[in-house]
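Below is one structure, written out as structure tokens; comments come after it.
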Amino acid sequence: MRWSDIPFDPSRATLRQFAGLWLVFFGGLALWQGLVRGQTGLAAIFAVLALTIGPLGLIRPGWIRPIYVGWMVLAFPIGWTVSQVMLVLMFYGLFTPIGLVFRLLGRDALHRARRPGVESYWIPKPAPAGPRSYFRQF
């Protein structure tokens, strides 16, 4: 993820989707805060956010562009950090242990080990049975 991946000029469809999600998300938060937790003040704030920005963005998507771009700029460091952490976890938590186990077992799937006394490392490929076999690759 790079800084240039942030959409500073989003399409109208993207802004409408954002407005619809805004309406659903903050409307859901308002319902949850009001009905489940009983906090009517916070529920009213979320309802006002949902019912002003959501329909406004559905009717006039260009007006919520600054909110969308600001939201993406604020979310960028979170996305970058999570992607880097996931890469580190995948590499050092999955691939490195598998590679160490293969090395301990002596597995050499690519036949990279040196074999002294061998004239060539070429592995002959069997000839195809005929032209019809080209259409049955697997």
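- In the hydrophobic cluster analysis, where Ile, Leu, Val, Met, Phe, Trp and Tyr join through side-chain heavy atoms closer than 4.5 angstrom, Leu21 is grouped apart from Phe25.
- Using a 4.5 Å cut-off between side-chain heavy atoms of Ile, Leu, Val, Met, Phe, Trp and Tyr, with links allowed through other members, Ile6 and Ile67 fall into the same hydrophobic cluster.
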Listed pairs under 3.5 Å, donor-acceptor, residues 33-61 side chains, sequence neighbours left out:
residue	atom	partner	partner atom	Å
Thr52	OG1	Val48	O	2.7
Thr52	OG1	Leu49	O	3.4

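- Pairs engaging residues 6-16 under the side chain to side chain donor-acceptor pair (under 3.5 Å) rule: Ser11-Thr14 [sequence neighbours left out].
- Linking Ile, Leu, Val, Met, Phe, Trp and Tyr residues whenever their side-chain heavy atoms come within less than 4.5 Å leaves Val24 and Ile64 in two separate clusters.
- Of all heavy-atom pairs between Tyr121 and Arg114, the closest is OH-CA, 3.6 Å.
- Cluster note: Val101 groups with Leu105 through ILVMFWY side-chain heavy atoms spaced under 4.5 Å, whether in direct contact or through intervening members.
- Hydrophobic clustering, with ILVMFWY side chains joined whenever heavy atoms are under 4.5 angstrom apart, groups Met90 together with Ile98.
- For an aromatic pair to be called close, the ring centres must be under 6.0 Å apart, and Trp22 with Phe18 satisfies this.
- Side-chain contact between Phe8 and Tyr68: absent, with no pair of heavy atoms (C-beta onward) separated by less than 4.5 Å.
- The same ILVMFWY cluster, assembled from side-chain heavy atoms under 4.5 Å apart, contains both Trp71 and Leu29.
- Taken from CZ in Arg103 to CG in Asp108, the straight-line distance is 9.5 Å, to the nearest 0.5 Å.
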